[in-house]
Amino acid sequence: MELKHITKYFPGVIALKDMSFEVRSSEVHGLIGENGAGKSTLIKVLTGVNIPEKGEIVVDGKPVKFKDPNVAKRYGVGCIYQELNICPDMNVTDNLFMNYYPKKKNGFLLDYAWMDKRAKEIMLQLGVDVDVHTPAGTLGLGVQQMIEIGKSVLAEARVIIMDEPTSSLSNAEVRQLMKTTRELKEKGIAIIFISHKLEEMFEICDVITVMRDGEHISTRPVAEVTEDSLIADMVGRSLDDLFPKEVYPQGEEALRVEHLKETGVLNDVSFTAYNGQVLGFAGLVGAGRTETMRAIFGADTLDSGDIYIHGKKVKIRRPMDAIHNKIAFLTEDRKGEGLILDASVKDNLFLASIDKDSEHGFLNQAKYAKVGIENIETYSIKTPSLMTPAGSLSGGNQQKVVIAKWVNTDADIYIFDEPTRGIDVGAKIEVYQVINKLCREGKCVIMVSSELPEVLGMSDRVIVMRGGRIMGEMSREDDHFNSEDIMKAAWGGRLG
C-alpha cells in the first residue's frame with residue numbers, strides 16, 4: 001500500500017502536506033513524530049476516516065479511493081487504536097465477530113458453535129488461551145489488545161496499524177505483543193507500528209519513517225538510524241540532553257504523610273517532600289504509586305493516616321479540599337479525568353481555578369482570554385484557537401493544557417502522575433522544563449513515572465513502592481541511585 005503526495009486540510013490547519021508513505025508485506029514499518037506531526041491524520045486517511053484533498057492511495061499498484069472505513073477494510077486495512085474499541089460487557093467471541101455475523105444454513109440464527117471455535121483458534125494463534133465466553137471487560141489490557149488484533153486477523157487484514165500499542169501494557173504483555181507482531185509479519189502481513197518509545201522501534205521495526213509538521217522527513221532502514229538521528233529528524237534540532245534536570249537546594253518541608261492505610265491498597269505509607277525539589281516515585285504496575293497520590297488528593301478514601309502541609313495537619317476528604325490546600329494533581333488519565341474533551345481549550349485551562357479567577361460569582365471572560373493566550377504561548381500549545389475543543393488536539397498538546405490548567409491554580413505542591421505517557425520526545429522536554437520552572441520558583445513536585453530513565457533523570461530523591469508499601473528511598477548523592485537498585489527494590493529487595 002502506498003500514499004502519494006497526500007494533502008489534508010482542517011480549518012486553520014494543514015494536517016498533511018504532500019505526504020508520501022508506503023508499506024510492504026512482511027514488513028514492520030515504524031512511524032514516529034512529535035504530537036501534532038500528523039500521524040493520527042495519516043492513520044485516518046489509511047483507514048478511510050478522512051478523505052484527502054489531494055494525492056492518491058495505491059494498493060497493489062492500482063489507485064483506489066477509500067470513501068469510508070468499510071472500503072478500507074475491504075482492501076485489507078485493520079487498525080488497533082490506542083483507546084481500545086472493546087465492548088466490556090460482551091464476551092470475547094462477540095467482540096471478535098462484531099459487524100460480522102455468520103449464520104447457520106437456515107439463514108436465521110447465528111452459528112455460535114463455529115464462531116466460538118474460530119474465536120478460540122484466533123486467540124490461541126495470538127498466544128492467548130482464554131475462555132471465549134468471558135466478558136472482555138474482565139480481562140487484562142494485554143488480552144483486550146489481542147482481541148483487537150484478532151479482529152484484524154479474522155477480517156484477513158493485509159495491513160495492520162498499531163497505534164501506541166504498548167502504552168498501557170505490563171512488561172510481560174509487551175513481550176507477548178512483540179512476539180505476536182513478529183508472527184504476523186512472518187505470515188506476510190504488513191504492520192505499521194506507531195510508538196513514542198524509541199527502544200521499541202529499534203526492537204521490532206524493519207524501516208522507520210519520521211514525520212514533522214504534516215510532512216515526510218525521512219524513511220530509512222532501522223540499521224541505518226540512531227536514537228540521536230531520529231530525535232533530530234523529529235524535532236528539527238539536535239538534543240544533547242533528554243533530561244534537562246536543574247538542581248536546586250532543598251527547601252522547607254512542603255508535604256509530609258504518615259502511616260497512610262487503605263485496605264488492600266496502601267500499607268503504612270510515610271514520606272516527606274520538600275520545596276524546590278522533585279520527589280520521584282518508581283515501582284512496577286500495581287505498586288500503589290497512583291493510589292497513594294489519589295489518596296493524598298482526596299480522590300480515594302483513606303482508612304487512616306495523617307497529611308501535613310507546611311508542617312500543619314490537614315484533613316483532605318475530597319479533591320476540592322486538596323485544591324484549597326494548594327495541591328495540584330495531574331492525573332495519569334488525561335482524557336478520562338484531566339480534561340473535558342468536548343469543552344474548549346479555554347474552558348479546560350481554567351477548570352481547576354474557577355473559584356480563584358471569578359469575580360463576585362461571575363467569570364471574567366476577558367481575563368480568561370488574555371491568560372489563555374499567554375498559556376498557549378508559554379506552553380507552546382498547538383491549537384487553531386482558544387475555542388477549539390480540547391479533544392481535537394494531539395496527545396502532547398492535551399497534556400500541555402492539563403499542565404497549564406494546574407499551574408493556573410498557583411498551587412504549592414504539584415503531583416504529576418505519568419506526565420509524559422504517550423507524548424513525543426520534544427513534548428517531554430517541554431514538560432521537564434515546566435518541572436524545572438516550578439522547582440526554580442520554590443514549588444514542590446512529586447512525579448510518578450514508569451520510565452526509569454525519566455525518574456533518574458529528573459528526580460532529586462526517589463521512593464520505590466511495591467504492593468502498597470515503600471521499599472526504599474534514595475537521593476542523587478546515594479550509591480543506590482541507579483536503575484539496578486531501583487528495580488531490585490521494586491521486585492521486593494530492600495536497600496541499605
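Bear in mind that the values here come from a model prediction, so they are computed numbers and not experimental data. The analysis underlying the following values was restricted to heavy atoms, covering all of them including side chains, and did not include hydrogens, waters or symmetry mates. Numbering of residues begins at 1 and proceeds along the displayed sequence.
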Problem set entry | Glu451 backbone acceptor or donor facing Glu454 side chain under 3.5 Å | no
Exercise. Backbone N or O of Tyr81 within a donor-acceptor pair of the Glu148 side chain at under 3.5 Å?
Worked result: no
For this session: Looking only at non-hydrogen atoms, find the nearest pair between Met19 and Leu42 and report the distance.
Result: CG-CD1, 4.2 Å
Problem set entry | salt_bridge(Lys187, Glu183) N-O dist < 4.0 Å | no
For this session: Output yes when a side-chain donor or acceptor of Asn436 lies under 3.5 Å from a complementary backbone atom of Glu246, and no otherwise.
Result: yes
For this session: Examine distances only and state if a side-chain atom of Asn408 and a backbone atom of Leu349 form a donor-acceptor pair shorter than 3.5 Å.
Result: yes
Problem set entry | Distance in Å, Ile80 CD1 paired with Lys151 NZ, rounded so as to fall on 0.5 Å steps | 9.5 Å
Exercise. Going through the checks in order, is the salt bridge (charged side-chain N to carboxylate O under 4.0 Å, His left out) test met by Arg421 and Asp333?
Worked result: CA-CA 9 Å; Arg421 172 177 288 171; Asp333 182 7; over 6 Å; no
For this session: Please test Lys312 against His310 for side-chain contact (heavy atoms from CB on, under 4.5 Å), starting from the C-alpha separation and ending with a verdict.
Result: CA-CA 6 Å; Lys312 179 181 177 182; His310 305 308; 5.8 Å; no
Problem set entry | Distance in Å, Leu177 CG paired with Thr166 OG1, rounded so as to fall on 0.5 Å steps | 7.0 Å
Exercise. Any chance the side chains of Ser218 and Asp233 put a donor and an acceptor closer than 3.5 Å?
Worked result: yes
For this session: Could you walk me through whether Glu374 and Lys370 pass salt bridge (charged side-chain N to carboxylate O under 4.0 Å, His left out), step by step?
Result: CA-CA 6 Å; Glu374 292 173 356; Lys370 178 176 181 296; 2.9 Å; yes
For this session: Using a strict cut-off of less than 4.0 Å between a Lys/Arg side-chain nitrogen and an Asp/Glu carboxylate oxygen, indicate whether Asp129 and Lys120 qualify as a salt bridge.
Result: yes
Exercise. How many angstroms lie between CD1 in Ile309 and CD1 in Ile413, if you round to the nearest 0.5 Å?
Worked result: 4.5 Å
Problem set entry | Side-chain ion pair, Lys437 and Glu441, N-O less than 4.0 Å | yes
Exercise. Got a sec, which pairs hit ring pair (Phe, Tyr, Trp, His ring centres under 6.0 Å) with one end in residues 212-234, sequence neighbours left out?
Worked result: none
Problem set entry | Contact check, side chains of Cys205 and Val28, non-hydrogen atoms, under 4.5 Å | yes
Problem set entry | Arg182 atom CZ, over 12 foreign heavy atoms within 6.0 Å | yes
Problem set entry | Flag, side chain of Gln176 to backbone of Leu126, donor-acceptor distance under 3.5 Å | yes
Problem set entry | Side-chain donor/acceptor of Arg476 to backbone N/O of Ser459, under 3.5 Å | yes
Problem set entry | Backbone N/O of Ser394 and side chain of Lys382: donor-acceptor pair under 3.5 Å | no
Atom pairs and distances, donor-acceptor, side-chain atoms in residues 266-275, under 3.5 Å, two or more places apart:
{"unit_1": "Asp268", "atom_1": "OD1", "unit_2": "His259", "atom_2": "ND1", "d": "2.6"}
{"unit_1": "Ser270", "atom_1": "OG", "unit_2": "His259", "atom_2": "N", "d": "2.7"}

Problem set entry | Exceeds 12 heavy-atom contacts within 6.0 angstrom, atom NZ of Lys443 | yes
Exercise. Are the side chain of Lys346 and the backbone N or O of Gly372 linked by a donor-acceptor pair below 3.5 Å?
Worked result: no
For this session: Locate the shortest heavy-atom distance separating Glu27 from Lys185; write the atom from each residue and the value.
Result: N-CG, 4.2 Å
Problem set entry | Listed partners of Lys261 passing salt bridge (Lys or Arg N to Asp or Glu O under 4.0 Å), at least two apart | none
For this session: Start with the C-alpha gap between Val434 and Lys400, add the side-chain angles, then the distance that decides, and say whether side-chain contact (heavy atoms from CB on, under 4.5 Å) holds.
Result: CA-CA 10 Å; Val434 172; Lys400 293 175 189 177; over 6 Å; no
For this session: Only counting residues at least two apart or in another chain, list the ones meeting side chain to side chain contact (heavy atoms under 4.5 Å, CB included) with Gln277.
Result: Gln250, Asp460, Arg461
Exercise. Can you find a pair of side-chain heavy atoms, one from Thr180 and one from Gln145, that are under 4.5 Å apart?
Worked result: no
Problem set entry | Over all atoms of both residues, closest heavy-atom pair of Met458 and Lys245 | O-NZ, 3.2 Å
For this session: Verify, without hydrogens or angle tests, whether Asn95 (side chain) and Ile86 (backbone) share a donor-acceptor contact under 3.5 angstrom.
Result: no
For this session: State the CG-OG1 distance between Leu230 and Thr209, to the nearest 0.5 angstrom.
Result: 10.5 Å
Exercise. For residues 413-470, which residue pairs qualify under ring pair (Phe, Tyr, Trp, His ring centres under 6.0 Å), counting only residues two or more places apart or in two chains?
Worked result: Phe243-Tyr432
Cut-off 3.5 Å, no hydrogens considered: what does the side-chain donor-acceptor table look like for residues 285-302, sequence neighbours left out?
{"unit_1": "Arg289", "atom_1": "NH1", "unit_2": "Gly283", "atom_2": "O", "d": "3.3"}
{"unit_1": "Arg289", "atom_1": "NH1", "unit_2": "Ser449", "atom_2": "O", "d": "3.0"}
{"unit_1": "Arg289", "atom_1": "NH2", "unit_2": "Ser450", "atom_2": "OG", "d": "3.2"}
{"unit_1": "Thr290", "atom_1": "OG1", "unit_2": "Asp417", "atom_2": "OD1", "d": "3.4"}
{"unit_1": "Thr290", "atom_1": "OG1", "unit_2": "Asp417", "atom_2": "OD2", "d": "2.8"}
{"unit_1": "Thr292", "atom_1": "OG1", "unit_2": "Gly288", "atom_2": "O", "d": "2.8"}
{"unit_1": "Arg294", "atom_1": "NE", "unit_2": "Asp300", "atom_2": "OD1", "d": "3.3"}
{"unit_1": "Arg294", "atom_1": "NE", "unit_2": "Asp300", "atom_2": "OD2", "d": "3.0"}
{"unit_1": "Arg294", "atom_1": "NH1", "unit_2": "Glu337", "atom_2": "OE2", "d": "3.4"}
{"unit_1": "Arg294", "atom_1": "NH2", "unit_2": "Asp300", "atom_2": "OD1", "d": "3.2"}

For this session: Please step through side-chain contact (heavy atoms from CB on, under 4.5 Å) for the pair Val464 and Met474, ending with a clear verdict.
Result: CA-CA 9 Å; Val464 186; Met474 56 207 75; 3.9 Å; yes
For this session: Starting at CG of Asp412, measure out to NZ of Lys326 and round the result to the nearest 0.5 Å.
Result: 4.5 Å
Problem set entry | Contact summary for Ser229 and Arg220, nearest pair of heavy atoms | OG-NH2, 3.9 Å
For this session: Would you sort out whether Arg318 and Asp321 count as a salt bridge (charged side-chain N to carboxylate O under 4.0 Å, His left out), showing the intermediate values?
Result: CA-CA 6 Å; Arg318 57 195 181 115; Asp321 296 334; 3.5 Å; yes
Problem set entry | Value rounded to 0.5 Å, distance of CZ in Phe281 from CD1 in Ile415 | 9.0 Å
Exercise. Do the side chain of Asn397 and the main chain of Ile381 share a donor and acceptor less than 3.5 angstrom apart?
Worked result: no
For this session: Would you indicate whether Glu252, at its atom CD, is surrounded by more than 12 heavy atoms from other residues, nucleotides or ligands within a distance under 6.0 Å?
Result: no
For this session: Write down the atom of Cys444, the atom of Ala254, and the distance for their closest heavy-atom approach.
Result: CB-CB, 3.6 Å
Exercise. For Ile43 and Ile194, what are the C-alpha separation, side-chain angles and deciding distance, and is it a side-chain contact (heavy atoms from CB on, under 4.5 Å)?
Worked result: CA-CA 10 Å; Ile43 292 173; Ile194 302 168; 3.2 Å; yes
Exercise. What are the two closest heavy atoms between Asn348 and Ile340, and how far apart are they?
Worked result: OD1-N, 2.8 Å
Exercise. Side chains of Met211 and Leu31: does their closest heavy-atom pair fall under 4.5 Å?
Worked result: yes
